[in-house]
Amino acid sequence: MMQVCEHEKCCGCMACVNICPKACIKMDINSRGEEIPAINEKNCIDCGLCQKVCPVIRGNQGHETKKVIAAWSTDNTVRKTSASGGIASEVYRLYALKNQWYAGCKMDVDHKCRFYLSQKDDQYLEFQNSKYVYSFMGDLYKKIESVLKNGEKAVMVGLPCQISGLKNYLSVRNIDIENLITIDLICHGIVPSMYLIEWIKQCEKKFHRHAEAVCFRNPVYETQNYAFTLADKKGEFYKKYVWEHDSYHFSYHHALDYRESCYRCLFASRSREGDLTLGDFSGLGKVTSFDGEVQNVSCILVNTDKGEKLIKMLEDEGSIIGVERPSKEAFLYETQLNRPSIPHKKRDKFLKYYQETKKFSYSVDKALKSEKVIYKVKCICGVYKIKSMIPGKIKYKLKKKMRLE
């Protein structure tokens, strides 16, 4: 079988699909449930463009970070409904107000995550919050190419491998990217969409309801508590925190079920593909004191002059508040800025069960049986419930006191 790159290293960015002049590359599903490119050999003209745009083959060509900023939206609603400080939402809103183009991903009715390019003044609300699942690029690269060729401005927020794929695509197509700003996310790994779809179907069957909305970190329960929820027209019918042994969340946070490429990611590095990098700020206040609220704060890595100008524009317009922080607070405490996620020791067992049965939740339960028992006991004892009731500011002060002692 012809391959663009080794399937175990493929990040699924779809740059190869977009660049192929004969449209002979389609996304297929492998034995692990991962979305990978499949080449129609009969139509292939062996032009080599797919390999020229492949991030895995071309490698990390990122920037060195200029400064680290702790930032948050001045709109409390945006801040509370976003996974971190709402910076991506404020970027989208800025572009929408200027009638410029912005690209982000949202969950569709079939429970697949897809990228969209929009100018609408409210679609960015659908792009908010984290999506811990594979996202389909579709023909987004071609659409951004068209926008740039027309002399219009655009911004894209995506995973570093996707940003790399876009930049490679535009480079091969000789497109000037002066009007493009790219923002990559600090990524732990992504889960094949097949796993999520199966898990949702299982929940639907159990509750006799049809999910129309899925949320991975429902802001109703504060995003730092990672409440996974499903809802229909009548309202929410399923809610589980990560510690309540929800199979999907549980396996994700244990690094059990990512794409194989995520465990060998070239972009889990201090060398960043985007003009800006966004993520949670888990290290905030751990190098030098920080007096503000540490929950719902974004970590921004400013990597280029374009990225710095965008942040200054948001600050000047009063959309965000930014405070420069020691770079160590980002690089020492955010593991994925230094190395890829380490696969759970029982990943091979999970894959064995999955490849035999094609049943996601069954495979998770079999592989993580002992871990789930431990978590269940802690749940029964109320350990996690008590933790979730403690406000973030108090948690931060307790941790800070323990470090000082």
Any residue meeting side chain to side chain contact (heavy atoms under 4.5 Å, CB included) with N76, in chain and number order, not counting sequence neighbours
none

Mind checking salt bridge (Lys or Arg N to Asp or Glu O under 4.0 Å) for K358 and listing every partner two or more places apart, or none if nothing turns up?
none

Looking only at non-hydrogen atoms, find the nearest pair between C24 and C44 and report the distance.
SG-CA, 3.8 Å

With a 4.5 Å cut-off on side-chain heavy atoms, are M137 and M27 touching?
no

Run through Y226, W199, Y241 and flag the one making a side-chain contact (heavy atoms from CB on, under 4.5 Å) with D246.
W199

If we only count heavy atoms from C-beta on, is the L256 to E371 side-chain gap below 4.5 Å?
no

Tell me whether R79 contacts the main-chain N or O of N296 through its side chain, where contact means a donor paired with an acceptor under 3.5 Å.
yes

If the condition is side chain to side chain contact (heavy atoms under 4.5 Å, CB included), which residues does S89 pass it with, not counting sequence neighbours?
V78, S82, Y124, Q128

Y141 to C13 - nearest heavy-atom pair and separation
OH-O, 2.9 Å

Partner of P55 by side-chain contact (heavy atoms from CB on, under 4.5 Å), out of S164, C265, C10, S261
S164

Using distance alone, with no hydrogens and no angle criterion, decide if T182 and E273 have a side-chain donor and acceptor under 3.5 Å apart.
no

Might you confirm whether atom CE of M194 has over 12 heavy atoms from other residues, nucleotides or ligands at distances under 6.0 Å?
no

L140 and N18: which non-hydrogen atoms are nearest, and at how many Å?
N-OD1, 3.9 Å

Work out which heavy atom in E198 is nearest to a heavy atom in F360; give both atom names and the distance.
OE2-N, 2.6 Å

Specify whether F228 and Y238 have parallel, tilted or perpendicular ring planes, treating 30° as the upper limit for parallel and 60° as the lower limit for perpendicular.
perpendicular

Please report the C-alpha distance between M107 and L196 in whole Å, then the side-chain angles of each, then the deciding distance to 0.1 Å, and finally whether the side-chain contact (heavy atoms from CB on, under 4.5 Å) criterion is met.
CA-CA 11 Å; M107 299 301 298; L196 177 63; 3.7 Å; yes

Evaluate side-chain contact (heavy atoms from CB on, under 4.5 Å) for I29 paired with E35, printing each intermediate quantity in order.
CA-CA 5 Å; I29 305 296; E35 298 83 355; 3.8 Å; yes

T65 (side chain) donor-acceptor with V302 (main chain) under 3.5 angstrom
no

Could you please spell out the steps behind the salt bridge (charged side-chain N to carboxylate O under 4.0 Å, His left out) verdict for E204 and K201?
CA-CA 5 Å; E204 290 175 331; K201 285 181 179 178; over 6 Å; no

Work out which heavy atom in I144 is nearest to a heavy atom in A103; give both atom names and the distance.
CD1-CB, 4.5 Å

I'd like to know if the side chain of K106 pairs up with that of S118 as donor and acceptor (distance under 3.5 Å, no hydrogens or angles considered).
no

Could you check whether any side-chain N or O of K131 sits under 3.5 Å from a backbone N or O of C113, counting only pairs where one atom can act as donor and the other as acceptor?
no

Checking V191 now: which residues fulfil side chain to side chain contact (heavy atoms under 4.5 Å, CB included) with it, not counting sequence neighbours?
Y195, Y248, Y252, D257, Y258

Report all side-chain donor-acceptor pairs from residues 146-159 shorter than 3.5 Å, counting only partners two or more places apart or in another chain.
residue: N150; atom: ND2; partner: S146; partner atom: O; Å: 3.3
residue: E152; atom: OE2; partner: W101; partner atom: NE1; Å: 3.1

Examine distances only and state if a side-chain atom of D184 and a backbone atom of P160 form a donor-acceptor pair shorter than 3.5 Å.
no

Heavy-atom distance under 4.5 Å between the side chains of R173 and I19, does that happen here?
yes

Quick one: list whatever passes side chain to side chain contact (heavy atoms under 4.5 Å, CB included) with I45, sequence neighbours left out.
P21, K22, C47

Side-chain contact, heavy-atom cut-off 4.5 Å: V4 with I39?
yes

Residues two or more places apart in sequence or in another chain: which of them pass salt bridge (Lys or Arg N to Asp or Glu O under 4.0 Å) with K112?
none

Could you tell me whether the side chain of Y221 reaches within less than 4.5 Å of the side chain of T229, counting heavy atoms only?
yes

Without swapping roles, check the side chain of D280 against the backbone of S282 for a donor-acceptor pair under 3.5 Å.
no

Are T223 and N129 linked by a side-chain donor-acceptor pair shorter than 3.5 Å?
no

Sorted by chain and residue number, the ring pair (Phe, Tyr, Trp, His ring centres under 6.0 Å) partners of H188 (sequence neighbours excluded) come out as none

Relative to the ring of H249, is the ring of F216 parallel (under 30°), tilted (30 to 60°) or perpendicular (over 60°)?
tilted

Just by distance, with hydrogens left out, do S361 and Q202 show a side-chain donor and acceptor under 3.5 Å apart?
yes

One pair to check against salt bridge (charged side-chain N to carboxylate O under 4.0 Å, His left out): E308 and K67. What are the steps and the verdict?
CA-CA 9 Å; E308 189 166 25; K67 65 174 67 172; 3.0 Å; yes

Counting heavy atoms not belonging to K9, are there more than 12 under 6.0 Å from its NZ?
no

When you measure from the side chain of E145 to the backbone of I175, do you find a donor-acceptor pair of N or O atoms at a distance under 3.5 Å?
no

Which residues satisfy the ring pair (Phe, Tyr, Trp, His ring centres under 6.0 Å) test with Y116, sequence neighbours excluded?
none

In Å, rounded to the nearest 0.5 Å, how long is the span from OG1 of T74 to CD1 of I320?
8.5 Å

Side-chain (D275) to main-chain (G307) donor-acceptor, under 3.5 angstrom:
no

Using the ring pair (Phe, Tyr, Trp, His ring centres under 6.0 Å) criterion, which residues pair with Y134? Sequence neighbours excluded.
F136

Residue E212 excluded, over 12 heavy atoms near CD under 6.0 Å
yes

Judged by modelled atom types alone, do Q336 and S341 share a side-chain donor-acceptor pair under 3.5 Å?
yes

Please answer whether the main-chain N or O of G235 pairs with a side-chain N or O of D232 as donor and acceptor at a distance below 3.5 Å.
yes

Is there a donor-acceptor contact under 3.5 Å from the side chain of K142 to the main chain of G138?
no

Exactly one of K206, H208, R209 clears side-chain contact (heavy atoms from CB on, under 4.5 Å) with F237, and that residue is R209

What one should report as the nearest heavy-atom pair of H7 and P37 is NE2-O, 4.0 Å

Using the side-chain hydrogen bond (donor to acceptor under 3.5 Å, both in side chains) criterion, which residues pair with K98? Sequence neighbours excluded.
none

Heavy-atom check, side chain of F115 versus side chain of Q162, under 4.5 Å:
yes

Any donor and acceptor pair, going by atom type alone, linking the side chain of E34 with main-chain N or O of R259 inside 3.5 Å?
no

Partner set under ring pair (Phe, Tyr, Trp, His ring centres under 6.0 Å) for Y353, not counting sequence neighbours:
none

Should E260 and R347 be marked as a salt bridge (charged side-chain N to carboxylate O under 4.0 Å, His left out) after you check the CA-CA gap, both sets of side-chain angles, and the distance that decides it?
CA-CA 10 Å; E260 190 63 32; R347 173 169 168 79; 2.9 Å; yes

